[in-house]
Structures are given as C-alpha cells and as structure tokens.
Amino acid sequence: MEQRISLITLGVTDVARAKAFYEQLGWQGQEVEETVFFQAGGLAVVLWGRDKLADDAGIEGPGTGAMTLAQNVRSRAEVDEVIATATKAGATVTKPARETFYGGYAGYFADPDGHLWEIAWNPGFALAEDGTITVPDFSATN
C-alpha cells in the first residue's frame, strides 16, 4: 500500500447544510448525486450522508471514530482568522487557540456534524506556496 491518502469522506447528517458550512469557510465544491467533492491540495474532502457511508462500508448505524482533520496555516493571526470564520459559519469552538507545547499556536472547532478540525501554526512544518507541508526529518533534531 502506498503511503498516501486520496480522499477523506466525512459522514454528515445533512449534505446541504454541511456543503453550506464549508462554502461559508470559502471552500468551493461540486455536488454529484448527493455527494459533495472539495479539492483540498493533493487530496479531496468528500461530504456524504452518514447512513449511505455506513451502508457502503458494510457497518450498522452511522459509525463513529476518533479522528481530527488539521490545517496548518502560515501565522498565529491566520489561526484566529480561520477559527473566527468557522464560528461565523456555525462551528463550535472546542478549544480556543493558544500557545502549544511545540512552540506553535493552535485551536480546535467542530463542524455542524461534530467533525473536529485543528487549525495550527507550527514553525517546524514549513508550508509550500500551495499550502502543502512536508513532514520534517525528526531524527535530525535528536
């Protein structure tokens, strides 16, 4: 198996509401057959009905799982801006932005379906112009 992710599918209770939320964050997606696709750098984030996702995965009920989506940004100020925009769009801040143990700055919000997002500025993870990150060589610091 190659070490990459192509799609992240979020099971949502109301596709239209979820689409509107992400559009209020500035995302632009395409809806096809009650499924919304957002290009997100080198992968796609997909919104799909929880029941349909559970059925497709062969599990009972909507399913749950501990997972956090994260977006690294370029500054402390941008962390605050993104969290404020998400809050205006209907997100719930679960952890206000604050200094982190690694010398950065981060906070969390939950989208209307409870999916957690961490918005972080991490001085150790440089961002390319297109927003992609490269995991640093941690062995070089030990």
Side-chain angles (χ1 to χ4, degrees), residues 1-15 17-32 34-142:
M1 181 175 181
E2 292 181 41
Q3 188 169 307
R4 65 178 170 83
I5 296 173
S6 302
L7 299 134
I8 296 172
T9 302
L10 303 177
V12 300
T13 56
D14 182 329
V15 173
R17 182 196 69 202
K19 179 182 178 192
F21 172 81
Y22 284 95
E23 287 175 341
Q24 288 179 56
L25 295 182
W27 290 41
Q28 297 176 358
Q30 301 177 66
E31 185 168 351
V32 179
E34 299 176 6
T35 307
V36 181
F37 295 86
F38 295 100
Q39 186 67 50
L43 60 89
V45 173
V46 181
L47 307 175
W48 199 22
R50 280 188 181 177
D51 292 339
K52 291 180 181 183
L53 181 58
D55 184 56
D56 191 56
I59 62 172
E60 292 292 323
T64 60
M67 182 180 83
T68 299
L69 301 167
Q71 183 181 90
N72 281 27
V73 296
R74 291 175 177 79
S75 69
R76 285 177 168 82
E78 194 173 352
V79 170
D80 293 332
E81 291 167 14
V82 170
I83 292 174
T85 299
T87 301
K88 288 177 189 169
T92 302
V93 174
T94 61
K95 182 179 179 184
R98 62 182 71 159
E99 300 296 321
T100 65
F101 70 92
Y102 54 80
Y105 184 74
Y108 282 83
F109 67 82
D111 75 7
D113 285 283
H115 299 289
L116 293 172
W117 280 84
E118 177 191 26
I119 306 302
W121 170 73
N122 182 337
F125 281 62
L127 293 180
E129 189 172 319
D130 69 358
T132 58
I133 67 166
T134 300
V135 176
D137 181 359
F138 293 112
S139 67
T141 61
N142 293 335

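Side-chain contact between T87 and F109: absent, with no pair of heavy atoms (C-beta onward) separated by less than 4.5 Å. You'll find the side chain of E31 reaches within 4.5 Å of the side chain of V15, heavy atoms only. Side chains of V12 and K19 form no contact here, defined as non-hydrogen atoms less than 4.5 Å apart. Side-chain contact between R50 and D113 is present, with at least one heavy-atom pair separated by less than 4.5 Å.
Distance alone, capped at 3.5 Å, is enough to place a donor-acceptor pair between the Q39 side chain and the L43 backbone.
If you take CG on L47 and CG on L53, they are separated by 11.0 Å, rounding to the nearest 0.5 Å. The line from CH2 of W121 to CD of E78 is 12.0 Å long, rounded to the nearest 0.5 Å. Within the model, atoms CD1 of I8 and NE2 of H115 stand 11.0 Å from one another, a figure rounded to the nearest 0.5 Å. How far OG1 of T132 is from CG of L127: 7.5 Å, rounded to the nearest 0.5 Å.
Here the closest heavy-atom approach between residue F21 and residue A91 is recorded as CE1-N, 3.5 Å. For A120 against V79, the heavy-atom pair with the smallest separation is C-CG2, 3.8 Å.
For the pairing with Y105, the side chain to side chain donor-acceptor pair (under 3.5 Å) check across T100, D80, N122 returns one residue only, D80.
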Begin with the C-alpha distance, continue with both residues' side-chain angles, and end with the deciding distance and a verdict on salt bridge (charged side-chain N to carboxylate O under 4.0 Å, His left out) for E118 and K95.
-> CA-CA 9 Å; E118 177 191 26; K95 182 179 179 184; over 6 Å; no
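The aromatic rings of Y22 and F38 are tilted relative to each other, their planes meeting at an angle between 30° and 60°.
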